[in-house]
Amino acid sequence: MRDKGGMLWIDLRDRYGITQLIFEEGKSSQELIESVRKIGREFVIQTSGKVVERFAKNPNLKTGDIEIEVSELKTLNPSEVPPFTIENKTDGGEELRMKYRYLDLRREEVRNNLILRHKMMQQTRKYLDDQGFIEIETPVLIKSTPEGARDFIVPSRMNPGQFYALPQSPQTFKQLLMIGGLDKYYQIVKCFRDEDLRADRQPEFTQIDCELSFVTRDDVISTFQGLTTHLFKNVLGKELEDFPLMTYDDAISKYGSDKPDVRFDMTFVELTDLAQGFNFNVFDQSELIVGIKASGCAEYSRKQLDALTDYVRRPQIGAKGMVYVKYNNDGTFKSSVDKFYDENQLKKWAEAFEATPGDLLLILSGEANPTRESLSALRLYMGDLLDLKPANVFKPLWVVDFPLLEWDEEAQRFHAMHHPFTSAIPDDLGKLSTDPGAVKANAYDLVINGIEIGGGSIRIHDNETQKQMFDALGFTKDEAEAQFGFLLNAFKYGAPPHGGIAFGFDRLCALFGGTDSIRDYIAFPKNNSGRDVMIDSPSVVSEDQLKELSIKLR
Ligand code: ASP
């Protein structure tokens, strides 16, 4: 409320926006004005009056051309002064806003995020329904399995000492639906993973989960490319161009990442052969020497280069140092390794990078995988510095031909890179027993602007191959039977070939909304310690409850 003595205004807010109410000494009754002066922020009021054209219009408000000359006003419920101002630029910090999330939801920005989410949900349902998919719910109380992330478990009162698990995804159920003959399934479904949290992770999150029978990789890809373009068109009004396919090996060697941001090039160039053998120990002892070209950055100052070195040396990035080469505008070279390499050699490097005068080369070296990861981080960092990642440009791609298995040094065994139900590329199946690390998976990930939107695979659908896979993953026969006997058994009864995919729905919403944090698109999210600070959960439970569940705390 603004009270200028002779005139008073109230900003009346509801889900649809703000409307200005006006009261005038002389025009409005004294009794009405008295009652208006008792109204505070966030009171719930009911009012009626006459809509009139405003004298001073507010072009920033949808209703900025009008106001209401109030004749009647009633307070339906007063409010305490809220702990932060409910405006777009609020004075409330994250923790406070989460504690009073119901007040935060009154802010336009948060409301719009939820409306965006709603639209995405409706359009997803519309598209998939039009394509003949049926929405089927799968259970939330299921069984704990050791593969994948950590499970959330739920004690069973009626079965003392036994536990359910919350699903990390409906993977096995959707496969059983295929065996049940429901050949196109989808569900917008909550999944639960007990992992450490980051901005793009929540312990409970939502997937658009799908499975189809009698399909190839390309069928799944084209159907979900269709969903993606449908959403972009109908929610953002954007036409997406092509969705190129990139092999996993290419993604790793060119971008150092299986989810490359291809809004800009700056692809990796390997110098291992060119740069070894010149008495520069650091390079000579490296498995890989690889760099990127920052076009037009040859004039970076000492300070700017030091800042980049500091960046790659951060523990999260993990490089030991960085070598730079400036290809000066006059055609000469200046590098941090001038002691070891002369102009001729540096020129050869520049040729490998297809560099021209004015360019800067940034080079890392060391063990292959960590070096690629560090350079990938540097590439993205340079992309930010050079403004190469426009927020309103969306560049999708499919990453395909992933390795089926990943070697786990610590556990000395293979893990499934996606999950144990993923099939191998048919030609590679023979290698599963001889050279498991070389087998490629019939799997695919959709990546947009460096964000993994979703992934899936063509599945194993016969008992023998599934057993072989469990064997490659180090399961004994008994373990495989105890954990997945139901699936192995189901495969014996005419299981159709099938495949599917799941999209991370919260992430997709954040991408559409233009922010990194999926929390902003969840009505009641958890904080970084997995807590809901509003309802104060998790919490202790009573002795009696524990007893009933046959649980003893130490
Ligand atoms: N269930 C898988 C996941 O949650 C997706 C899939 O393979 O369909 O990542």
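What you see is a predicted model, and the numbers here were worked out from it, not measured in a lab. Order of appearance sets the numbers: ligands from 1, and atoms from 1 within every ligand.
For the pair Q466 (side chain) and F421 (backbone), a donor-acceptor distance under 3.5 Å is absent.
Any N or O atom pair closer than 3.5 Å counts here, and K174 shares at least one such pair with ligand 1.
Ligand 1 lies less than 4.0 angstrom from a heavy atom belonging to R193. Remark: distances from the non-hydrogen atoms of R459 to ligand 1 include one below 4.0 Å. Using a 4.0 angstrom heavy-atom cutoff, Q168 does not count as in contact with ligand 1.
Residues F192 and F205 keep their aromatic ring centres 6.0 Å or farther apart. A ring-centre distance under 6.0 Å is found for H418 and F402. Between Y255 and F268, the ring center distance fails the sub-6.0 Å criterion.
Of all atoms in ligand 1, numbered sequentially from 1 with element shown, those under 4.0 Å from a heavy atom of I501 are 8 (O). Every atom of ligand 1 with a heavy atom of Q207 under 4.0 Å away is listed here by number and element: 3 (C), 4 (O). Close approach of ligand 1 to G456 (heavy-atom distance below 4.0 Å) involves ligand atoms 6 (C), 7 (O). Remark: ligand 1 atoms within the under-4.0 Å shell around heavy atoms of S169 are 1 (N), 4 (O).
Heavy atoms of A502 found under 4.0 angstrom from ligand 1 belong to the backbone as well as the side chain. Neither the backbone nor the side chain of H418 comes within contact range of ligand 1; no heavy atom lies under 4.0 Å.
When hydrogens are left out, the protein atom nearest atom 5 (C) of ligand 1 is G455 O, 3.5 Å; that is the closest non-hydrogen contact. Here the protein heavy atom with the shortest distance to atom 2 (C) of ligand 1 is Q171 OE1, 3.5 Å.
Under the 6.0 Å distance and 45° angle rule, R125 does not count as a cation-pi partner of Y186. With a 6.0 Å cutoff to the six-membered ring centre and a 45° limit on the axis angle, K184 counts as a cation-pi contact of F133.
Residues S423 and R459 fail the side-chain proximity criterion, which asks for heavy atoms closer than 4.5 Å. No side-chain heavy atom of T476 sits less than 4.5 Å from a side-chain heavy atom of F470.
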